[in-house]
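Below: the structure, in structure tokens.
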There are 2 protein chains.
Amino acid sequence: MSLHDAQARLAVSTVIFAISPEADGDGGLRPSLRTPLVRRLREPGLGRWALPGGWLPVDESLAGAAARTLAETTGLSPRYLEQLYTFGEPERSPGERVVSVVYWALVHSDEVERAVSDENVRWFDEDDLPDLAFDHAAIIEYALTRLRTKLEYSRIAHALLPERFTMAELRGVHEAVLRRRLDPANFRRTMEATGTLVDTGERLSGTRHRPPALYRFDPAHSPAAPPSPAPAAPRHAASASASAVPPRPGTDSKDTPE
Amino acid sequence: MSLHDAQARLAVSTVIFAISPEADGDGGLRPSLRTPLVRRLREPGLGRWALPGGWLPVDESLAGAAARTLAETTGLSPRYLEQLYTFGEPERSPGERVVSVVYWALVHSDEVERAVSDENVRWFDEDDLPDLAFDHAAIIEYALTRLRTKLEYSRIAHALLPERFTMAELRGVHEAVLRRRLDPANFRRTMEATGTLVDTGERLSGTRHRPPALYRFDPAHSPAAPPSPAPAAPRHAASASASAVPPRPGTDSKDTPE
DNA sequence: CCAAAAGTGTTATGTCTACACCCATGT
DNA sequence: ACATGGGTGTAGACATAACACTTTTGG
């Protein structure tokens with residue numbers, strides 16, 4: 001019952017990813033990945049940019065805290081939210097011991113436009129990050145590798161796009177994330193083979209050339225049964241908009257007998 | 001600086017895997033996966049079995065705490081140690097809010113013989129677990145899926161075997177973990193193709209039939225450069241005996257500006 | 001010499017990649 | 001009509017699985 005001895009403080013932070021709006025039309029450059037950061041208003045790290053986050057309230061779930069701070073700082077709601085890793089080296093934060101449970105999230109590109117952005121909250125291009133507080137740079141780097149690897153065996157790219165999208169837009173997301181060109185023909189077949197794409201029947205006119213079909217994601221693969229969830233399970237995975245759920249908690253640890 | 005307001009307590013637990021000794025010779029059944037559990041000596045969950053673990057000391061790293069409690073309860077040192085997931089639902093533990101950072105570990109089968117095992121510490125067969133405290137059953141289940149999936153794209157099986165082993169023993173580990181038979185011919189080729197197996201030149205005599213070659217793992221793929229680590233990165237991964245290192249920490253969270 | 005595991009070879013099947021080619025639309 | 005992205009077809013490279021076959025030991 002006593003919990004007042006020296007303890008680490010628990011924080012929750014989130015790495016948020018979105019695709020830059022210039023993914024539109026057909027002319028422009030490749031779209032790029034962006035992430036919002038907040039300016040630190042206190043020591044340590046005053047003035048530097050950091051991941052959105054906060055202390056964990058006693059009565060809030062980890063994912064809940066991640067989604068809340070995400071909403072508070074960006075005004076957005078995540079289309080995808082998954083635990084990334086827990087960082088807890090003793091010297092992480094100057095002054096006191098802080099353990100941070102970090103999540104990563106994907107938001108729709110059309111939401112980004114109405115996202116908060118002021119003097120203390122700014123979106124940065126993924127390959128043009130500012131000076132970051134603590135080792136948040138390494139954390140973002142790790143979140144990026146996770147996003148890249150997961151994009152290849154899962155179909156989470158839709159979480160970065162609006163409800164309806166063209167095959168080229170979907171490919172653009174993959175190309176932006178993986179940072180390499182993909183063969184349009186093979187990409188199409190691969191995507192169609194997953195069975196998660198539904199042709200809405202509509203076509204996007206106004207492009208300079210042949211109007212492309214508009215697709216949406218099949219909500220069929222909705223959140224699986226709660227019994228045997230799979231947070232970071234390497235094969236396929238969460239597809240719908242919901243978060244990636246982990247097995248239920250329950251670990252305590254007054255263990256270590258005697 | 002104040003850290004006395006209501007906060008969650010931080011625990012670290014570990015799911016430990018080992019291969020049952022009966023993997024020897026060539027006669028017997030398939031070897032099986034086993035895991036050590038400790039009996040809870042306090043409420044909540046008094047008398048039930050639980051994962052080894054304990055509260056996180058302020059000055060100890062997460063992985064350090066995991067390795068230490070592992071050593072304390074089993075007398076073993078992990079050949080492989082990786083963070084699994086952090087469980088933090090508010091109702092996880094009756095009474096107070098507990099957030100548990102859970103690790104999973106692999107230990108050599110020949111070490112298991114000299115492992116601790118008394119009234120309060122016991123090794124259980126993976127498909128014959130006792131009544132578990134909290135939702136530790138779900139956590140073990142999740143650790144198992146992680147082990148299974150990771151076994152297929154990584155070569156961590158050696159962490160469950162002695163220094164030198166036969167191809168059949170290695171295959172036995174895969175079969176025990178994946179719970180299905182594997183073609184000996186194809187398995188051999190797949191393993192040889194990874195380039196991580198080294199023929200020691202020795203042969204194991206005393207079997208009933210043709211003496212098999214003894215292999216060891218190539219320490220070539222030692223821990224990669226620290227800059228861009230990859231804790232749970234889905235493709236290939238840690239091979240040597242060392243732990244899986246994550247990107248450095250650094251997250252704080254007095255953030256949430258405005 | 002026989003049984004059985006160790007180890008090698010061969011073929012069928014499926015997946016991935018590169019790239020040729022036709023289609024439809026705005027200009 | 002024509003340039004250009006949308007969309008389809010197809011052949012080679014490569015990985016995987018199934019299984020026949022040869023080798024080597026203990027009994």
Side-chain angles (χ1 to χ4, degrees), chain A residues 22-31 149 151-155 161 164-176 178 180-195 197-216 235-236, chain B residues 22-31 149 151-155 161 164-176 178 180-216 234-236:
Chain A
E22 53 194 313
D24 299 348
D26 67 304
L29 318 163
R30 288 301 106 192
T149 47
L151 194 68
E152 296 190 304
Y153 62 76
S154 175
R155 39 251 179 299
L161 287 171
R164 298 175 314 163
F165 49 87
T166 67
M167 191 62 76
E169 285 170 342
L170 182 59
R171 178 165 47 86
V173 169
H174 280 251
E175 291 180 342
L178 301 178
R180 72 161 182 271
R181 291 316 192 90
L182 299 173
D183 183 298
N186 296 331
F187 179 83
R188 164 183 300 275
R189 272 184 294 254
T190 303
M191 284 298 139
E192 284 171 343
T194 67
L197 285 187
V198 179
D199 190 332
T200 64
E202 306 166 279
R203 306 204 158 249
L204 179 64
S205 58
T207 65
R208 276 206 294 270
H209 308 294
R210 175 174 175 175
L214 281 170
Y215 298 86
R216 62 176 174 77
R235 304 285 159 181
H236 353 75
Chain B
E22 52 195 313
D24 300 350
D26 66 306
L29 318 163
R30 289 298 107 192
T149 48
L151 194 67
E152 295 191 305
Y153 61 77
S154 175
R155 40 252 180 300
L161 288 171
R164 299 174 314 162
F165 49 88
T166 67
M167 190 63 76
E169 285 170 342
L170 182 59
R171 179 164 47 85
V173 169
H174 280 251
E175 290 179 340
L178 301 178
R180 72 163 182 272
R181 292 314 192 92
L182 300 172
D183 184 296
N186 296 332
F187 179 82
R188 165 183 299 275
R189 270 184 294 255
T190 303
M191 284 300 139
E192 284 173 342
T194 66
T196 56
L197 284 187
V198 179
D199 190 333
T200 63
E202 305 166 279
R203 305 205 158 247
L204 178 65
S205 57
T207 65
R208 275 207 294 272
H209 308 294
R210 174 174 176 175
L214 281 171
Y215 298 87
R216 62 176 175 76
R235 303 288 159 178
H236 357 71

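In what follows, every chain begins at residue 1, and chains take the letters A, B, ... in the order their sequences are listed.
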Output yes when at least one side-chain N/O atom of [X] is less than 4.0 Å from OP1 or OP2 of [N], else no.
X        : N      : result
A/Arg210 : C/dC23 : no
A/Arg171 : D/dG6  : yes
B/Arg208 : C/dA6  : no

Between [N] atom [atom2] and [X] atom [atom1], what is the distance in whole Å?
X        : N      : atom1 : atom2 : result
A/Arg180 : C/dT17 : CZ    : C1'   : 12 Å
A/Glu169 : D/dG5  : CD    : P     : 15 Å
B/Phe187 : C/dA5  : CZ    : P     : 17 Å
A/Met167 : D/dT4  : CE    : C1'   : 19 Å
B/Arg188 : C/dA5  : CZ    : P     : 14 Å
B/Met191 : D/dT16 : CE    : P     : 11 Å
A/His209 : D/dT4  : NE2   : P     : 7 Å
B/Leu182 : D/dC19 : CG    : P     : 15 Å

What heavy-atom pair brings [X] and [Y] nearest, and what distance separates the two atoms?
X        : Y        : answer
B/Gly172 : B/Pro31  : O-CG, 3.8 Å
A/Glu175 : A/Leu182 : OE2-N, 3.0 Å
B/Arg216 : B/Phe165 : CA-CE2, 3.9 Å
A/Leu214 : A/Thr200 : O-OG1, 2.7 Å

* Asked: So which nucleotide from C/dC19, D/dT8, C/dG7 ends up closest to the side chain of A/Asp183?
  -> C/dC19
* **Nucleotide of D/dG6, C/dT25, D/dT8 approaching A/Glu192 most closely (side-chain heavy atoms)** => D/dT8
* Asked: Using a cut-off of 4.0 Å on non-hydrogen atoms, how would the nucleic acid contact of A/Ala185 be classed: base, sugar-phosphate, or nothing?
  ->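 A/Ala185: base contact, heavy atoms under 4.0 Å.
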* Asked: Is there side-chain contact between B/Arg171 and B/Pro184, with heavy atoms separated by less than 4.5 Å?
  -> yes
* Using heavy atoms to find the nearest nucleotide of DNA chain C for B/Arg203 and A/Asn186 separately, return the residue whose nucleotide is more 5′. =>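 Residue closer to the 5' terminus by nearest nucleotide: B/Arg203.
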* Asked: Quick one: does B/Arg189 reach the base of C/dG7 with a side-chain donor-acceptor pair under 3.5 Å?
  ->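 Donor-acceptor pair under 3.5 Å: no.
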